Amino acid sequence: MIADADGKNERVLAPHPGVPIATEYSPSWSADGRFHSLASLTWLTLLLQFVHIAVLIALARLLLVRTGQGNGASETEPVGSRASFLVACAVILNLMLSPFQMWNFVWSIQAMFVLSFLVATISFLSLALAEDKDCTSFVALAGGLAAFGTFTMPNGLLVWSVLVLQALYLKRNRRVIASLALIGTVAFGSYLWHYTRPDMGMGVSGMLHHPVQTILLVGVVVAGPVGFISNAAAAVLGVLAVIATGYLSVCALRLKVPERPWLSALVAIIVFLVLSSISIVAGRLDPRFLGRDPLYSVPFRYPTMVSVLWTCIALLVLYTCWRRQVRAALLAFYAVPMFYFMFSTARQQLVMAEDWADYFRATDALGAAFLLDVPDEEMLSRIWPVRIEREERVAFLRKNGLAMFHESRASWIGKSVADLFAPVGSVRCIGGIEKTTNLQGFARVQGWAWDLQSGDSPDYILLTQVIVDDGDQTPRIRPVGADT
């Protein structure tokens with residue numbers, strides 16, 4: 001923004017320090033990152049993700065490091081594979097914090113993706129804890145979390161079906177199984193009542209009529225980042241992984257071991273995530289996502305699901321190999337995609353993190369254009385391409401004090417600069433203007449700025465022309481126009 005001689009902010013000159021607005025990272029169909037709330041919910045999303053990480057690490061310890069009797073009568077010592085547990089922790093941290101999930105981490109509304117998978121995981125573990133003496137409380141917890149997941153995202157409905165299968169495997173009493181089945185049926189029925197399917201995805205009928213394409217599309221979703229190579233490679237790897245994991249799950253569930261309850265929870269998570277992948281094919285994808293057109297790539301809001309899935313697959317493989325004294329062929333098959341996910345895509349992950357950071361800084365910059373109604377259609381169309389719809393959304397945000405209208409800079413207009421900011425030394429900040437574009441009385445400025453005290457670029461910048469006369473040390477502000 002710039003200020004006139006009276007200290008009133010009237011014109012946009014510098015949208016954001018250090019970040020050119022002409023950014024290629026802004027998807028034409030996406031709205032400002034802060035449209036969804038009064039503030040960023042990244043803290044909540046990451047909190048949920050770290051809780052999920054802690055739960056999965058606890059599950060890995062229950063499966064891979066058991067407590068057994070030592071030499072003394074009251075002495076206990078860990079029994080199992082410490083090496084496998086350490087590998088499991090490394091995989092969990094790597095995949096669950098992968099920058100492939102940046103869309104979900106930084107886009108506030110996407111917190112529901114992280115939440116839905118977390119509550120499903122805890123729900124399956126709660127049912128595993130539902131032994132006879134504490135059956136009621138843990139079953140109630142499992143059901144409550146399943147209901148919470150159902151209200152979070154539509155795939156939460158699938159939790160009920162998997163809970164029933166898990167209860168049957170664990171031989172819970174009939175009342176528990178009947179209750180879960182009844183509540184799940186009611187949940188499904190209430191969701192489908194008056195439900196109108198959008199014109200997206202293959203739908204159930206399309207999946208039944210085109211089973212081969214459906215299977216391949218499920219493979220594309222499951223394989224996730226392999227889509228960087230090609231959708232065909234992702235489809236093949238995903239299908240093979242689902243088949244191999246299904247076989248491995250059946251073999252593991254047939255083991256008569258003390259870890260059967262935890263093993264059932266792990267397999268339940270995998271089944272739920274595979275079913276969620278199928279639901280994405282039904283509701284979002286079609287055969288075009290099997291082609292080579294980069295426009296038809298699986299959206300990057302799904303890698304959280306893919307990360308949880310491959311994390312659980314890794315735990316299952318490590319457990320099975322430990323129990324069966326390592327099968328070289330099995331390890332070799334899963335080692336290839338795991339190495340690709342964890343290490344080979346490191347560069348793409350870093351670039352993706354930087355791109356999202358640049359995108360959000362650029363959208364923050366364009367917030368100044370919204371605040372002052374700057375006619376910068378070239379840049380504003382990157383936020384929302386249809387002008388009429390964009391203006392309707394901006395009017396809503398302005399009326400309700402949301403997004404950039406909730407920020408402190410929205411209250412600057414009409415106030416004296418001296419009332420807003422305290423004077424500081426002239427050597428604190430450095431910067432430069434690299435390019436200006438005249439916008440019918442406004443201006444778009446590209447350049448850079450750096451705060452030497454904080455060691456970072458400022459959040460906001462106010463461009464003025466300050467003149468200090470020899471005999472008067474009081475700074476006076478002169479207007480800076482688009483023609484300057």
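Values in this document were obtained by computation on a predicted structure and should not be read as measured data. As a basis for the values below, the full set of heavy atoms in this structure was taken, side chains included, without hydrogen atoms, waters or symmetry mates.
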Inset, instruction - Run the ring-centre check on Phe341 versus Trp310 and record whether the distance is less than 6.0 Å. - result: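 Between Phe341 and Trp310, the centre distance is under 6.0 Å.
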Inset, instruction - Decide if the gap between the ring center of Phe100 and the ring center of Phe228 is smaller than 6.0 angstrom. - result: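 For Phe100 and Phe228, the ring centres are under 6.0 Å apart.
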Tell me, please, which residues at least two apart from [X] pass side chain to side chain contact (heavy atoms under 4.5 Å, CB included).
X: Asn155; result: Ser116, Phe117, Met153, Leu158, Phe272, Ser276, Ser279
X: Val204; result: Leu208
X: Ser230; result: Ala232, Ala233
X: Phe151; result: none

Inset, instruction - Quickly, which of Val220, Val218, Val226 forms a side chain to side chain contact (heavy atoms under 4.5 Å, CB included) with Val222? Name it, please. - result: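 By the side chain to side chain contact (heavy atoms under 4.5 Å, CB included) criterion, Val222 pairs with just one of Val220, Val218, Val226: Val218.
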Legend entry - Option passing side chain to side chain contact (heavy atoms under 4.5 Å, CB included) with Ile270 (candidates Thr245, Leu315, Leu275):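 Single side chain to side chain contact (heavy atoms under 4.5 Å, CB included) partner of Ile270 among Thr245, Leu315, Leu275: Thr245.
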Legend entry - Side chain proximity check, Leu115 to Phe148, heavy atoms < 4.5 angstrom: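 Yes, side chains in contact.
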Inset, instruction - Report yes if the side chains of Pro287 and Met202 come closer than 4.5 Å at any heavy-atom pair, otherwise no. - result: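 Yes; the side chains approach each other to less than 4.5 Å.
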Legend entry - Side chain Ser123, main chain Val119, donor-acceptor under 3.5 Å: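 Side chain of Ser123 to backbone of Val119, a donor-acceptor pair under 3.5 Å: no, none is there.
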Legend entry - Asn231 side chain vs Gly291 backbone, donor-acceptor pair below 3.5 Å: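 Present.
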Inset, instruction - Check salt bridge (charged side-chain N to carboxylate O under 4.0 Å, His left out) between Arg288 and all other residues, then give those that pass, not counting sequence neighbours. - result: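 Checked Arg288 against salt bridge (charged side-chain N to carboxylate O under 4.0 Å, His left out); matches are Asp286.
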Inset, instruction - Not counting sequence neighbours, which residues clear salt bridge (charged side-chain N to carboxylate O under 4.0 Å, His left out) with Asp456? List them please. - result: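 Expected list: none.
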Any residue meeting side-chain hydrogen bond (donor to acceptor under 3.5 Å, both in side chains) with [X], in chain and number order, not counting sequence neighbours:
X: Thr45; value: none
X: Tyr169; value: Arg260
X: Glu391; value: Arg387
X: Glu389; value: Trp384

Inset, instruction - Among residues two or more places apart or on two chains, list those pairs meeting salt bridge (charged side-chain N to carboxylate O under 4.0 Å, His left out) that have a residue in residues 394-406. - result: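 Salt bridge (charged side-chain N to carboxylate O under 4.0 Å, His left out) check on residues 394-406 returns Asp373-Arg398.
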Legend entry - Rounded distance [0.5 Å steps], OG1 in Thr304 versus CG in Asn104: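 These two atoms lie 3.5 Å from each other.
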Inset, instruction - Determine which pairs satisfy side-chain hydrogen bond (donor to acceptor under 3.5 Å, both in side chains) with at least one residue from residues 205-225, sequence neighbours left out, and list them in order. - result: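 Output for this query is empty, none listed.
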